[in-house]
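Each chain gets a letter, A, B and so on, in the order the sequences are listed, and its residues count up from 1. Values reported hereafter were calculated over all heavy atoms of this structure, with side chains retained and with hydrogens, waters and symmetry mates removed.
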2 protein chains.
Amino acid sequence: MADIAKEAGVSKGAVWATLSKRVSNIGVAAETRKKIISVAERMDYRPDIAARGLTARKSYLVGLLCREAYEFFSLDLIRGLQDVLLEHEYSLVAYLHGDKVEDESRHLRFSLDRQVDGVVVIPALDMDGRTNAEQFAKSQERKVACVQVFNHLLPGIPHVGFDNEAAGRIATEHLLAQGHRRIVHFTHAHYRNSQLPVVFHLDARQRWQGYERAMIQAGLLPRVVTHDPVDCGGPEFIEVAKSAVDRLFEGAEANPTAVVAYNDYEATGLLCGLLERGISVPGEISVTGVDGLFLQSVGLPELTTLAWPVREVGRNAARMVLDQIEGKDVENILLAPNLKTFASSGPVPGA
Amino acid sequence: MADIAKEAGVSKGAVWATLSKRVSNIGVAAETRKKIISVAERMDYRPDIAARGLTARKSYLVGLLCREAYEFFSLDLIRGLQDVLLEHEYSLVAYLHGDKVEDESRHLRFSLDRQVDGVVVIPALDMDGRTNAEQFAKSQERKVACVQVFNHLLPGIPHVGFDNEAAGRIATEHLLAQGHRRIVHFTHAHYRNSQLPVVFHLDARQRWQGYERAMIQAGLLPRVVTHDPVDCGGPEFIEVAKSAVDRLFEGAEANPTAVVAYNDYEATGLLCGLLERGISVPGEISVTGVDGLFLQSVGLPELTTLAWPVREVGRNAARMVLDQIEGKDVENILLAPNLKTFASSGPVPGA
DNA sequence: GGTATAAGAACGCCCCATAGA
DNA sequence: ATCTATGGGGCGTTCTTATAC
């Protein structure tokens, strides 16, 4: 900027008043302004955002602390964040880590060293229920805008997440609308394990509650079938779910015509097991999943699922960060999933 | 830092000499040093990286310009970059975009406005073969360390990528080692279409060449079977490949015992089509893929494939950026894929 | 003369107090 | 009084030069 001033034979104050978008009480004659702009273009001047932040005590950076477990959602989350942040001259500093709180803590420190104006975090959770709650609380005190996404684990930190209860409810209502009455909820054994701290498997509990409410409202008896828990969710679910298919047909209220599975992996394992037993889907039984992962599978009917608006979560989280930076109050947001109807669910048999 | 100086009753020069890791010709008495450190810890002082960069004319940031088409690899790429960058006090500013050169150009500008010290890019390519080559060349002139990964499209910009030729060769050699002799290469019709600019489908051409070389070296006659091209690669490949299965058994040198498919989608489509025709895999025919996507398929034998060391690409790209920043010379790197042997390939029938 | 400490300039931008026409 | 323009101090580091003992 000083170079431009020298080149154009004016003061740097004039250059600043011309090139900065901010209104200032500095007047610049149209002709001077023109000259400055032409010189700036010739030298193709671009402001240094870091230096700008020096006085404003801002970096125009937002840190993203991302857990591996949310791999499927990470890229869409980033896209959503970007949609909003780039428009406001902010950029995203990405830190990916495994699911350990130590990594998250380290990356949070890196972010703070960068003087980020905000942090978006998928909070990490230790096996023993430990989080980095205090560190985030401290960061927030220091005027770093914090937002947690997906998991709601950090008390006092604004949250954008999924409405898991709605997922269970909408899936059930979809099947009810197709005429199904004997609808089973298929989930893992920890869905309401009171041995564990309440923060664990909250999503499973909520999806189940959504299912249960929809069933009760329809005057029907809820029935839950569980399979063995797996250590780390994901593809492992497929095999475990597959081997638990027979449990659907055991017990008093057997012969379900539809299954609301806890997530897409389970649903996929289920589809697989059903087809292997010669049970037609959706001819004899309908299946729905949750998460909208669109697992690439060959030879299975495409899965009806509830897809999370991940990019929208990102957009909301970004807005929340910006609002906090501007000192506005923010409120937690839960986003409902979108029902994606495919071949795995259909009308009740015989209808 | 000035605050610490005031608090400790010393000059900020002394504080700097104590806290900065650099050696300086400023002497600080042991006792003074101790006091300074204790005060710094009490105020838990952290240096402002942006301010540090002001004098050094560095931002300690590296931009990442990421194409959507490489979705499968993006996260591992980021991890690899991080592995190296974080160790050297650099952070990653992520910009995801669709596959348009305009988006890339815009995000490159954003990066430069941030005064990034380097840029890692998965270069975008227009339908008409256009790239942002000039912009990157200009950036490089301005001492921004540029590295292109995966695609090699920007002349003069250092590159880290996949050794596609090795993929074709290793797959073929794997099958040769199992005793196969009638090995076919299955790819799309554009693999050596000279109508198109040479930058398109370079990977297909190279994989084919690897296959061909391995066959010739073994004294065997190469044979290529193609299927119709698809507009945008990915899952579409599966169906198209599936419907082209019969072509494997047409023509003079028919009855292959093994197929080297261009990529995992094709291989998956192939597996599917073969099984539908009652042809056993790998009993009658072996199939290999390339890319290491580990597609979830049900009822299909798990695919033998050549997995790319994506994270290693990231690590190398990061090192290349750092080397360039330090003024060192860098050389292009091609990384060979790792053979992952699964159930879709086995010994030649009758062996 | 050698050593410990202080002072201050520079980086690039923001913006104010001031001053000339 | 109005319009236009200027120079300088500050942000938080780095690091050189000057000063005190």
Minimum-distance nucleotide (side-chain atoms of Asp48(B) versus dG12(C), dT13(D), dA5(D)): dT13(D)
Side-chain donor-acceptor contact under 3.5 Å, Tyr45(A) with Asp3(A): no
dC15(C) phosphate, OP1 or OP2, under 4.0 Å from Ser20(A) side-chain N/O: no
Distance in angstrom units between Leu54(A) CG and dA10(C) P, rounded: 16 Å
OP1 or OP2 of dG12(D) under 4.0 Å from side-chain N/O of Arg57(A): yes
Between dA5(D) (P) and Ile4(A) (CD1): distance, integer Å: 16 Å
Gap between atoms NZ and P, on Lys58(B) and dG12(C) respectively (whole Å): 15 Å
Interatomic distance where CD belongs to Gln115(B) and P belongs to dC13(C) [whole Å]: 7 Å
Lys6(A) NZ to dA5(D) P, straight-line distance once rounded to whole Å: 20 Å
Whole angstrom value for the distance that separates C1' of dT13(D) from OH of Tyr60(B): 11 Å
Nearest listed nucleotide, side chain of Lys12(A), among dC13(C), dT13(D), dG12(C): dC13(C)
Ring-ring centroid check Phe73(B) Phe162(B), cutoff 6.0 Å: yes
Check: Ser105(B) side chain, Val101(B) main-chain N or O, donor-acceptor pair, under 3.5 Å: no
Phosphate OP1/OP2 of dC14(C) contacted by Trp16(A) side-chain N/O (<4.0 Å): yes
Touch class at under 4.0 angstrom, heavy-atom based, for Ala14(A) against every strand present: base
Rounded interatomic separation in angstrom, taking CE from Met1(A) and C1' from dG8(D): 13 Å
Pair Tyr95(B)-Asp103(B), side-chain donor/acceptor within less than 3.5 Å: no
Presence of Thr55(B) side-chain N/O under 4.0 Å of dT14(D) phosphate oxygens OP1/OP2: no
Identified side-chain contact (heavy atoms from CB on, under 4.5 Å) counterpart of Val149(B) within the set Asn316(B), Val313(B), Ile333(B): Val313(B)
Sugar-phosphate only, base, or nothing, as touched by Arg46(B) at under 4.0 Å among non-hydrogen atoms: sugar-phosphate
Phosphate contact (dT13(D) OP1 or OP2) by Tyr45(B) side-chain N/O below 4.0 Å: yes
Closest nucleotide among dC13(C), dA5(D), dG12(D) to the Ala29(A) side chain: dA5(D)
Residue met sooner reading DNA chain C from 5', once Ala51(B) and Val10(B) are mapped to nucleotides: Val10(B)
Value in whole Å for how far the C1' atom of dG12(C) lies from CG of Leu19(A): 13 Å
